[in-house]
Amino acid sequence: MGTVKLYDEDAYKREFSAVIESIDVKDPDTCLVRLDRTLFFPEEGGQTSDIGTLGSFEVTHVSIEDDIITHTVMCRADDLKTGDEVSGVIDWKRRFSNMQNHTGEHILSGIMHREWGIENKGFHLSDSIVTVDTSSELPEEDLKKLEMLANDAVYRNIPTECRYYDAASLEGMSYRSKIAVKDSLRIVTIPGIDVCACCAPHVSHTGEIGIIKIIRAIRYKGGMRLTILCGERAFSHLSRIQDITDDLSHMLSENTDKLTEAVDRLLNDNNDLKIKIKNDAAKRLERDIEELDSNAPVAVLFTDAVDNTVQRKAVNRLSESRDTICAVFSSDGDSGYNYILSYPGHDARGISSLLKEKFGARGGGSLEMVQGNIKASEEEISALLRQE
Ligand SMILES: [Zn+2]
């Protein structure tokens with residue numbers, strides 16, 4: 001006979017007593033304990049297990065196989081005895097959060113099915129988030145509608161029902177998650193919203209979910225993967241977002257509802273500045289080329305970031321009247337340089353190999369011109385090229 005599932009009878013009970021049926025030692029500090037009955041919901045159907053205490057020992061995980069529920073308990077072999085009665089307490093904060101999130105998921109999946117005929121292809125409820133994988137995609141405006149309808153179902157505080165039906169009663173009944181029925185099947189009903197086969201504890205009224213929020217929707221295996229938060233998890237998430245927008249609002253001296261425009265202005269200004277800096281650097285580079293001694297042993301210039309075309313033209317100009325190493329190293333803003341180099345009358349690839357060998361530079365090119373990226377200082381690069 002399987003373990004009696006006390007959580008099936010009352011999802012709100014937090015404490016219970018039971019008789020220990022067997023104990024297996026997993027390691028010196030961990031035992032696997034089976035009871036005649038339990039309030040601990042095991043990891044099942046995409047949901048993580050309850051945790052809590054058994055006697056004075058911590059229950060860290062609970063699993064189920066062939067209807068037998070096994071508790072992973074942090075105790076030694078002689079701490080608990082088979083046949084003894086033991087009391088258990090579940091971590092209610094975690095359980096209630098799971099109930100809020102799981103029932104919220106039923107509401108979302110039920111409405112997607114009712115409104116758009118979309119199937120739930122996968123469900124995972126972890127300690128922090130819930131993901132739902134769908135059979136097809138919904139455009140953004142329909143996702144907004146879905147979220148609105150789901151929260152409307154929360155406001156209406158609809159009573160939910162969890163009960164077992166035998167195979168005969170299930171015939172002709174329409175519900176999600178059709179699975180093979182042995183003797184009976186547990187059906188969770190949210191009238192007008194969803195009917196679904198499910199083994200997990202749920203809240204008794206939808207109002208207890210508080211809020212249902214879709215925080216992410218990405219394309220996934222021909223459908224979508226929705227990340228959702230309900231109840232306290234959604235509240236904490238939205239509080240964090242508010243802290244961030246408040247900080248940004250102070251930093252930018254702008255009302256929160258004008259933050260998008262303010263950031264847009266900032267990005268545009270930043271872009272204009274970058275263009276100005278590049279143009280100024282191009283002018284300075286031009287001057288440096290004019291002032292460079294035509295008899296210098298190497299014609300190597302260092303500059304702030306400039307466009308690749310400006311850099312290439314500069315190297316071409318240097319090479320026109322010289323047969324020495326001609327190069328422009330343009331700062332890449334990350335303690336390195338993008339370089340373009342030519343060596344008129346020689347194979348420029350030789351210098352490229354040298355830079356690779358000495359400083360781990362990356363890049364390559366043709367006999368006439370090479371380009372790449374190098375992480376080294378102006379002094380180090382100049383010293384090396386002057387030796388050639
Ligand atoms: Zn479910």
Side-chain angles (χ1 to χ4, degrees), residues 5-13 38-50 62-64 67 69 90 94-135 146-147 149-151 153-154 158-165 169-170 173-182 184-214 223-234:
K5 300 164 180 168
L6 296 172
Y7 54 84
D8 257 1
E9 294 158 22
D10 184 354
Y12 289 82
K13 239 180 129 183
T38 187
L39 263 188
F40 283 91
F41 178 74
E43 179 166 350
E44 192 177 13
Q47 178 170 327
T48 52
S49 79
D50 279 331
V62 185
S63 62
I64 185 167
D67 247 19
I69 295 175
I90 57 164
R94 174 186 165 112
R95 158 67 81 77
F96 185 64
S97 173
N98 282 351
M99 281 159 57
Q100 285 181 314
N101 281 277
H102 198 137
T103 314
E105 179 274 318
H106 276 233
I107 291 175
L108 272 181
S109 296
I111 293 172
M112 272 196 288
H113 191 254
R114 185 191 73 191
E115 296 288 316
W116 295 281
I118 291 177
E119 301 292 341
N120 175 332
K121 306 283 277 184
F123 162 68
H124 181 70
L125 197 170
S126 80
D127 295 346
S128 53
I129 53 162
V130 177
T131 57
V132 180
D133 299 337
T134 68
S135 58
L146 167 64
E147 208 176 47
L149 290 171
N151 281 284
V154 173
I158 305 164
T160 64
E161 186 200 63
C162 307
R163 57 173 275 221
Y164 284 88
Y165 289 82
S169 327
L170 286 167
M173 202 166 142
S174 171
Y175 58 91
R176 293 191 303 111
S177 300
K178 289 258 183 202
I179 48 175
V181 185
K182 277 187 271 173
S184 62
L185 192 60
R186 190 169 182 269
I187 299 285
V188 177
T189 305
I190 306 170
I193 304 290
D194 189 41
V195 183
C196 182
C198 180
C199 53
H202 292 265
V203 296
S204 72
H205 290 78
T206 58
E208 291 173 68
I209 299 165
I211 181 171
I212 299 175
K213 191 84 195 109
I214 301 171
M224 294 174 298
R225 170 162 283 183
L226 302 179
T227 303
I228 64 173
L229 293 176
C230 302
E232 200 272 328
R233 291 185 192 179

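Order of listing sets the numbers, starting from 1, for every ligand and every atom in it.
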Next item on the list: Using a strict cut-off of less than 4.0 Å between a Lys/Arg side-chain nitrogen and an Asp/Glu carboxylate oxygen, indicate whether D50 and R94 qualify as a salt bridge.
Entry: no
Notebook entry, point to check: Are any of the side-chain nitrogens in D194 or R114 under 4.0 Å away from the carboxylate oxygens of its partner?
Noted result: no
Note to self: Looking at the Zn ion (ligand 1), is there an N, O or S atom belonging to C198 that lies under 2.8 Å away from it?
What the structure shows: yes
Next item on the list: Flag C196 as yes if one of its N/O/S atoms falls below 2.8 Å of the Zn ion (ligand 1), otherwise no.
Entry: no
Margin query: Restricting to N, O or S, what is the name of the atom of H106 that lies nearest the Zn ion (ligand 1)?
Written below: NE2
Margin query: How close do I214 and E147 get, counting heavy atoms only, and between which atoms?
Written below: N-OE2, 2.7 Å
Next item on the list: Hey, can you tell me if F96 and Y12 have their rings parallel, tilted or perpendicular (30° and 60° cut-offs)?
Entry: tilted
